[in-house]
Amino acid sequence: MNLHEYQGKLILKNFGVRIQEGIAVDTPEGAVAAARELKELTNTGIWVIKAQVHAGGRGKGGGVKVAKNLDEVKEKAEAMLGMTLVTPQTGPSGKIVHKVLIAADAYYPGESETKEFYLSVLLDRKKECNVIVYSTEGGMDIEEVAETHPEAIQKEWIDPELGLQAFQARRIAFNLGLSGVAFKEMVNCVQNLYNAYTHSEASMLEINPLLKTSDNKIVAVDCKVGLDENALFRHPDLATLRDIMEEDPTEVEAGQSNLNYVKLDGNVGCMVNGAGLAMATMDIIKLSGGEPANFLDVGGTANAKTVEAGFRIILKDPNVKAILINIFGGIVRCDRVAQGVVDAYNNIGEIKIPIIVRLQGTNAEEGKAIIDNSGLKVRSAILLKEAADIVKEVVG
């Protein structure tokens with residue numbers, strides 16, 4: 001589950017990380033009030049207006065603006081709210097901006113120069129441990145840095161039993177070229193960031209840029225946090241931060257029916273029980289000349305209700321030319337699934353695209369008989385190759 005910048009920063013602040021102070025608002029009038037409040041808090045007369053969408057590269061799409069007076073704050077917030085922001089990460093359709101973050105300027109003048117760093121914490125699946133990735137090239141796309149200056153990216157792997165050690169935090173600060181007060185600030189910041197990552201059970205935490213201010217403070221100017229959805233039951237406070245307006249409506253609807261659904265760009269909808277079988281089904285669709293339109297796992301206890309919900313979700317995609325239902329009857333009986341398909345078909349009404357049902361396992365033959373005798377325009381198969389041949393036939 002992704003968080004907005006302002007939400008991620010609140011988590012960081014709770015763990016002692018110094019952040020760029022800001023207030024999220026959804027009206028131009030709220031933006032002016034927030035700017036006034038920040039001026040009293042930080043004594044700044046410059047503000048940054050940031051679009052709050054689940055995508056990076058906001059500045060490139062016009063989603064980050066600087067305002068030097070209250071009139072500009074209102075004007076730029078008004079222009080940004082409701083706009084469709086297109087960035088390299090949103091795709092051409094973009095995302096609608098429902099909220100903006102009014103942030104106090106952190107690039108104030110002082111005795112020394114400011115410096116931007118990059119720092120993220122994530123899981124290295126290959127090494128089976130967390131890793132801190134950091135670089136002196138902050139403020140830039142890390143992918144671009146990796147491609148053009150790979151030597152500028154450094155990593156610190158964390159022993160899962162010992163956790164982050166003090167010497168590792170010091171090594172990171174040293175490798176970033178810091179000394180004195182800034183060095184101590186960075187050590188403290190790295191330790192607090194790692195604590196925020198582990199205690200919130202995040203899947204990714206990225207700060208870009210992580211700023212050394214002109215008075216040697218270390219400040220998280222931006223923040224991207226992804227939480228592990230499987231751990232949210234332990235964090236009900238974090239679960240409330242979910243913004244469904246930033247998610248695909250069909251995927252939200254699928255989640256409400258306890259279906260695991262991911263929309264793809266193909267022409268063959270698939271409904272399967274089990275993630276591994278779903279992957280194999282998508283492979284067989286491609287080998288048959290089609291393209292999978294979705295990943296849809298109805299789980300090991302598929303019934304008429306979940307099958308009907310799956311049908312309705314798949315049929316919302318206008319690109320779908322056929323639906324392949326591939327069920328292995330282990331926990332669930334194939335005859336019950338077959339009856340569920342028939343009931344769902346009747347409840348939904350006429351379905352104009354071909355439906356192929358492949359049943360294998362417990363009571364597969366009985367399930368095939370139910371499909372064949374239903375009088376519906378549903379074609380059944382027992383072998384996966386049979387189903388693949390029918391898919392090839394109907395999609396050409």
How many angstroms lie between atom [atom1] of [X] and atom [atom2] of [Y], to the nearest 0.5 angstrom?
{"X": "D159", "Y": "K127", "atom1": "CG", "atom2": "NZ", "value": "12.5 Å"}
{"X": "L3", "Y": "H54", "atom1": "CG", "atom2": "NE2", "value": "6.5 Å"}
{"X": "F167", "Y": "I172", "atom1": "CZ", "atom2": "CD1", "value": "10.0 Å"}
{"X": "Y197", "Y": "F15", "atom1": "OH", "atom2": "CZ", "value": "13.5 Å"}
{"X": "I19", "Y": "C223", "atom1": "CD1", "atom2": "SG", "value": "8.5 Å"}
{"X": "L38", "Y": "I46", "atom1": "CG", "atom2": "CD1", "value": "13.5 Å"}

Are [X] and [Y] grouped together when hydrophobic residues (ILVMFWY) are joined by side-chain heavy atoms under 4.5 angstrom apart?
{"X": "I355", "Y": "Y261", "value": "yes"}
{"X": "F174", "Y": "V181", "value": "no"}
{"X": "M83", "Y": "I49", "value": "yes"}
{"X": "V272", "Y": "V262", "value": "no"}
{"X": "V268", "Y": "M279", "value": "no"}

Within the supplied structure, the quantity of interest is the number of heavy atoms (other residues, nucleotides, ligands) at a distance under 6.0 Å from [X] [atom1]; does it exceed 12?
{"X": "Y108", "atom1": "OH", "result": "yes"}
{"X": "E37", "atom1": "CD", "result": "no"}
{"X": "E40", "atom1": "CD", "result": "no"}
{"X": "K76", "atom1": "NZ", "result": "yes"}
{"X": "I244", "atom1": "CD1", "result": "no"}
{"X": "K115", "atom1": "NZ", "result": "yes"}
{"X": "K263", "atom1": "NZ", "result": "yes"}
{"X": "N43", "atom1": "CG", "result": "no"}

Exam field: side chain [X] to backbone [Y], donor-acceptor pair closer than 3.5 Å:
{"X": "S214", "Y": "E113", "result": "no"}
{"X": "Q168", "Y": "W157", "result": "yes"}
{"X": "T87", "Y": "R58", "result": "no"}
{"X": "Q20", "Y": "D105", "result": "no"}
{"X": "D297", "Y": "G274", "result": "yes"}
{"X": "D335", "Y": "N363", "result": "no"}
{"X": "T90", "Y": "K95", "result": "no"}
{"X": "N267", "Y": "E291", "result": "yes"}

Only residue of K212, R18, K217 satisfying salt bridge (Lys or Arg N to Asp or Glu O under 4.0 Å) with E185 is R18
[X] and [Y]: which non-hydrogen atoms are nearest, and at how many Å?
{"X": "L324", "Y": "I284", "result": "CD2-CG2, 4.5 Å"}
{"X": "I314", "Y": "V320", "result": "O-CG2, 3.8 Å"}
{"X": "A152", "Y": "S135", "result": "O-OG, 2.8 Å"}
{"X": "P209", "Y": "G139", "result": "CB-N, 3.9 Å"}
{"X": "T44", "Y": "K39", "result": "O-CG, 3.2 Å"}
{"X": "A196", "Y": "I11", "result": "CB-CG2, 4.5 Å"}

Any side-chain heavy-atom pair of [X] and [Y] under 4.5 Å:
{"X": "H4", "Y": "D243", "value": "yes"}
{"X": "W47", "Y": "L70", "value": "yes"}
{"X": "E72", "Y": "N69", "value": "yes"}
{"X": "E386", "Y": "R358", "value": "no"}
{"X": "V298", "Y": "V337", "value": "no"}
{"X": "I353", "Y": "L315", "value": "yes"}
{"X": "N326", "Y": "C270", "value": "no"}

Residues E78 and K74 bridged, charged N to O under 4.0 Å: no
Criterion side chain to side chain donor-acceptor pair (under 3.5 Å) on E137 and H149, from CA distance to verdict: CA-CA 9 Å; E137 303 300 312; H149 303 289; over 6 Å; no
Applying the side-chain contact (heavy atoms from CB on, under 4.5 Å) test to Q52, which of L85, D26, L101 qualifies? L101
Passing option when Y118 is tested against V145, I153, L210, N208 for side-chain contact (heavy atoms from CB on, under 4.5 Å): N208
